[in-house]
J.: 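The structure under discussion is supplied below as structure tokens; questions concerning it will follow.
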Amino acid sequence: MRAALVALNGEREICGVIVQMPLPPHLSPVVVEQTLAPGKDIDGITPANAGRLALGLPSFVPNTPAGGMEMLRRHGIPVAGRRAVVVGRSNVVGKPMALLLLREHATVTVCHSRTVDLPAILREADIVASATGRAHLIDGGMLKPGATVIDFGINFPDWSGGKMVGDVNFQSAITVAGAITPVPGGTGPVTNMMLMRNALAAVRALGE
Ligand code: NDP
């Protein structure tokens with residue numbers, strides 16, 4: 001895989017590369033992160049892009065959290081000064097989402113599998129962004145009335161009869177939330193649009 005990435009890095013006709021995760025067990029994501037050229041890293045997973053995001057410098061931002069921020073912006077949801085809770089701390093969704101919310105001046109709490117009393121923390125949140133891969137981890141009873149809920153989760157639990165569901169129980173949460181993304185049809189398509197935006201930026205950067 002390293003050799004393939006080195007070849008793609010050197011290919012002038014190729015402007016952006018995305019490696020679909022999760023990888024099979026014999027392949028390490030670390031190899032991808034350390035080999036892919038930062039200028040072609042249109043999912044923002046390399047240390048150079050992740051570090052630049054953390055420092056508030058221009059970078060390729062991971063597409064899924066970038067899409068979450070774009071939805072907040074387009075729907076006029078205020079972020080500055082609001083309490084935001086991000087559930088999940090992966091490098092590709094949770095952590096960058098927290099950094100992007102912080103960049104927009106939210107007061108951000110990051111929760112994960114060791115968090116004690118997640119419902120109590122969620123009840124304080126004006127904005128909830130969840131990326132855990134745990135079907136229906138969050139329901140309406142855990143939310144502050146009027147909260148904005150961004151559900152990144154993609155889950156196919158046994159009980160859903162093959163249907164895709166999010167981290168949030170939509171039917172229950174929609175009765176409490178002020179705004180909520182459905183699953184499917186919410187964050188997924190927006191992620192794809194952000195990927196195209198990053199790809200175009202990579203094309204333009206190569207032309208400069
Ligand atoms: P990871 O498995 O890398 O991370 C999951 C995170 O959730 C971890 O930080 C984990 O905590 C946390 N977590 C797990 N269980 C709980 C729990 N019970 N309470 C609180 N936190 C918990 O997943 P990804 O970030 O890669 O993906 C998360 C979800 O988002 C998946 O469903 C994935 O399919 C989806 N996804 C959606 C995309 C989209 O376009 N909408 C794109 C990418 C992913 P800990 O760190 O302690 O283990």
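All ligand and atom numbering here is 1-based and tracks the order in the structure. Keep in mind the model is a prediction, meaning the values are calculated, not measured. Along the sequence shown, the residues carry numbers beginning at 1.
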J.: Among residues two or more places apart or on two chains, list those pairs meeting ring-ring contact (aromatic ring centres under 6.0 Å, His included) that have a residue in residues 110-147.
T.: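 Those involving residues 110-147 are His136-Trp159.
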J.: Under a 4.5 Å cut-off applied to non-hydrogen side-chain atoms, are Thr35 and Val6 in contact?
T.: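 Sidechains of Val6 and Thr35: in contact.
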J.: Do Gln34 and Arg2 have side chains that approach each other closer than 4.5 Å (heavy atoms only, starting at C-beta)?
T.: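 No. Closest side-chain heavy atoms not under 4.5 Å.
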J.: Heavy-atom count check: over 12 atoms from other residues, nucleotides or ligands less than 6.0 Å from Asp158 CG?
T.: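 Not more than 12 within 6.0 Å, no.
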J.: One pair per line, please: each N/O atom of ligand 1 matched with every protein N/O atom under 3.5 Å away, atom names first, then the distance to 0.1 Å.
T.:
from     : atom 1 : to     : atom 2 : distance (Å)
ligand 1 : 9 (O)  : Arg89  : N      : 2.8
ligand 1 : 11 (O) : Ser113 : N      : 3.1
ligand 1 : 15 (N) : Arg134 : NE     : 3.3
ligand 1 : 21 (N) : His112 : O      : 3.4
ligand 1 : 21 (N) : Ser113 : N      : 3.4
ligand 1 : 25 (O) : Ser90  : OG     : 2.5
ligand 1 : 30 (O) : Phe152 : O      : 3.3
ligand 1 : 32 (O) : Ile154 : N      : 2.9
ligand 1 : 32 (O) : Ile154 : O      : 3.2
ligand 1 : 40 (O) : Thr64  : OG1    : 3.4
ligand 1 : 40 (O) : Thr191 : OG1    : 2.8
ligand 1 : 41 (N) : Phe152 : O      : 3.3
ligand 1 : 41 (N) : Thr187 : OG1    : 3.0
ligand 1 : 46 (O) : Arg89  : NE     : 2.7
ligand 1 : 47 (O) : Arg89  : NE     : 3.3
ligand 1 : 47 (O) : Arg89  : NH2    : 2.8
ligand 1 : 47 (O) : Ser113 : N      : 3.2
ligand 1 : 47 (O) : Ser113 : OG     : 2.6

J.: I'd like to know if Arg73 pairs up with Glu104 as an ion pair, taking the criterion as any Lys NZ or Arg NE/NH1/NH2 lying under 4.0 Å from an Asp or Glu carboxylate oxygen.
T.: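 The answer is no: the pair does not qualify as a salt bridge.
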J.: Could you verify whether a donor N or O on one side chain and an acceptor N or O on the other, from Asn63 and Asn198, lie under 3.5 Å apart?
T.: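 Side chains of Asn63 and Asn198: pair found under 3.5 Å.
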